[in-house]
Amino acid sequence: MPGLLITIEGGEGAGKSTVMSAIVELLTATGREVVLTREPGGTPAGEAIRTLLLDPKHRLEAETELLLMFAARAQLVRELIRPALARGAVVLSDRFTDASFAYQGGGRGIDMGRIAELERWAAGIRPDLTFLLDVGVEQGLQRARSRGGEPDRIEREHSDFFQRVRAAYLARAAAEPERFRVIDAGQTQEAVLAAVSRELRLKLAAEA
């Protein structure tokens, strides 16, 4: 079977980790090799960049943030994603290029055309299927805060920043309905997982 790149996107508190665990279980049951990764990160170099990006003591310009995100992504694609896809694995990533359009484009106000150019050059690959876990900003932030721990540099942004992030995500999903599956993440966990499972099974059946 062909390799697949499946990405999970969403704002703060959308429940990405829970959904990823369910997808791994479903895919493993079908006998597929599953490669898990995350952004920024996923490689030794990427994880070092992640530490820099999320450390609250750093005041990074929007352009610096964007370029660091794509530096980590370029390494991830070449070191992990492309080799895994070449051998027929399913790569499941916690965020990918859509996150840059949402956070650095929608949130920071960077021109979407510049981000698209970096996507073509530095990433050079797009997901086969993207689950967008959509939840209201206040509900999502409340969930995120309930986890405890110190918020990272991006989590410390104000509500209006995350409103712009959400709007950008939804705009991308509306523009590419064949790739995106928008899941109402404000539902119960059971309902969210059922919706994801249904959509994933349909995708796997279409690829078989």
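- No donor-acceptor contact under 3.5 angstrom links the side chains of Thr43 and Gln75, judged on distance only.
- Arg73 has its side chain within reach of Ser100: a pair of non-hydrogen atoms, C-beta onward, lies under 4.5 Å apart.
- Within a 6.0 Å sphere centred on CZ of Arg156, other residues, nucleotides and ligands contribute more than 12 heavy atoms.
- Once rounded to the nearest 0.5 Å, the distance linking CD1 of Ile115 with CE of Met69 reads 11.0 Å.
- Classification of Glu117 and Arg120 as a salt-bridged pair fails, no side-chain N sitting under 4.0 Å from a carboxylate O.
- A cation-pi contact, defined as under 6.0 Å to the ring centre and within 45° of the axis, is absent between Arg108 and Tyr103.
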Problem set entry | Worked verdict on Val90 versus Ile23 for side chain to side chain contact (heavy atoms under 4.5 Å, CB included) | CA-CA 11 Å; Val90 178; Ile23 291 176; over 6 Å; no
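- Contact annotation: the side chain of Leu129 approaches that of Arg181 to within less than 4.5 Å [non-hydrogen atoms, C-beta and beyond].
- With a 4.5 Å cut-off on side-chain heavy atoms, Arg82 and Leu85 do not count as touching.
- Note on Arg153 versus Glu65: salt bridge recorded, some NZ/NE/NH1/NH2 to OD/OE distance being below 4.0 Å.
- In this structure, Arg38 pairs ionically with Glu47, as a charged nitrogen and a carboxylate oxygen lie closer than 4.0 Å.
- Between Leu52 and His58 the shortest side-chain heavy-atom distance falls below 4.5 Å.
- For the pair Asp98 and Arg179, the salt-bridge criterion is met [side-chain N within less than 4.0 Å of a carboxylate O].
- Residues Tyr169 and Asp134 have side chains not in contact (no heavy-atom distance under 4.5 Å, counting atoms from C-beta outward).
- Distance alone, capped at 3.5 Å, places no donor-acceptor pair between the Arg166 side chain and the Phe161 backbone.
- Nearest heavy atom pair, residue Pro127 against residue Thr97, reads CD-OG1, 4.4 Å.
- Hydrophobic clustering of Ile, Leu, Val, Met, Phe, Trp and Tyr side chains at less than 4.5 Å, counting indirect connections, keeps Val137 apart from Leu133.
- A donor and an acceptor atom, one from each side chain of Thr7 and Thr130, are located under 3.5 Å apart.
- When all heavy atoms of Ala185 and Ala14 are compared, the pair lying nearest together is CB-O, 3.5 Å.
- Ile6 and Ile125 are not part of a single hydrophobic cluster, where members link through side-chain heavy atoms under 4.5 Å apart.
- Nearest heavy-atom pair across Val35 and Ala84 is CG2-CB, 4.0 Å.
- A donor-acceptor contact closer than 3.5 angstrom is absent between the side chains of Glu39 and Ser93.
- Once rounded to the nearest 0.5 Å, the distance linking CG of Leu141 with CD of Glu157 reads 11.0 Å.
- Arg172 forms a cation-pi arrangement with Phe101, by the criterion of a distance under 6.0 Å to the ring centre and an angle within 45° of the ring axis.
- For Glu79 against Pro44, the heavy-atom pair with the smallest separation is OE2-CD, 3.6 Å.
- Under a hydrophobic clustering in which Ile, Leu, Val, Met, Phe, Trp and Tyr are joined whenever their side-chain heavy atoms come within less than 4.5 Å, directly or via other members, Ile183 and Phe180 fall into different clusters.
- Atoms CZ and CG, on Arg32 and Leu204 in that order, are 7.0 Å from each other to the nearest 0.5 Å.
- The side-chain heavy atoms of Ile8 and Arg95, taken from C-beta on, include no pair separated by under 4.5 Å.
- Salt bridge absent: Glu199 and Lys203 never bring a charged side-chain N and a carboxylate O closer than 4.0 Å.
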For this session: In sequence, state the C-alpha distance, the side-chain angles, and the governing distance for Leu92 and Val24, and then conclude on side chain to side chain contact (heavy atoms under 4.5 Å, CB included).
Result: CA-CA 8 Å; Leu92 181 61; Val24 170; 3.8 Å; yes
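- Once rounded to the nearest 0.5 Å, the distance linking CG of Leu67 with CD of Gln104 reads 9.5 Å.
- Between Ala72 and Gly46, the closest heavy-atom pair is CB-CA, 4.0 Å.
- Put simply, the side chain of Arg143 reaches to within 4.5 Å of the side chain of Val135, judged on heavy atoms.
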For this session: Would you please test Leu118 and Leu66 for side chain to side chain contact (heavy atoms under 4.5 Å, CB included) and show each step?
Result: CA-CA 9 Å; Leu118 282 170; Leu66 175 68; 3.7 Å; yes
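- One distance of note links OG1 of Thr28 with CD of Glu33; it measures 10.0 Å at 0.5 Å rounding.
- Atoms CZ and CG, from Arg201 and Leu27 in turn, are 9.5 Å apart once rounded to the nearest 0.5 Å.
- Side-chain contact check for Glu176 versus Arg126: some heavy-atom pair is nearer than 4.5 Å.
- In this structure, Leu80 and Pro83 approach most closely via the heavy-atom pair O-CD, 3.4 Å.
- Hydrophobic cluster membership is shared by Ile110 and Met112, with clusters built from Ile, Leu, Val, Met, Phe, Trp and Tyr side chains linked at under 4.5 angstrom.
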For this session: Just do the side chain to side chain contact (heavy atoms under 4.5 Å, CB included) check on Glu9 and Phe131 with the steps written out, would you?
Result: CA-CA 6 Å; Glu9 299 281 357; Phe131 287 104; over 6 Å; no
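- In this structure, Gln139 places its CD atom where more than 12 heavy-atom neighbours from other residues, nucleotides or ligands lie under 6.0 Å away.
- Hydrophobic clustering (ILVMFWY, side-chain heavy atoms < 4.5 Å, transitive): Leu193 and Leu26 are in one cluster.
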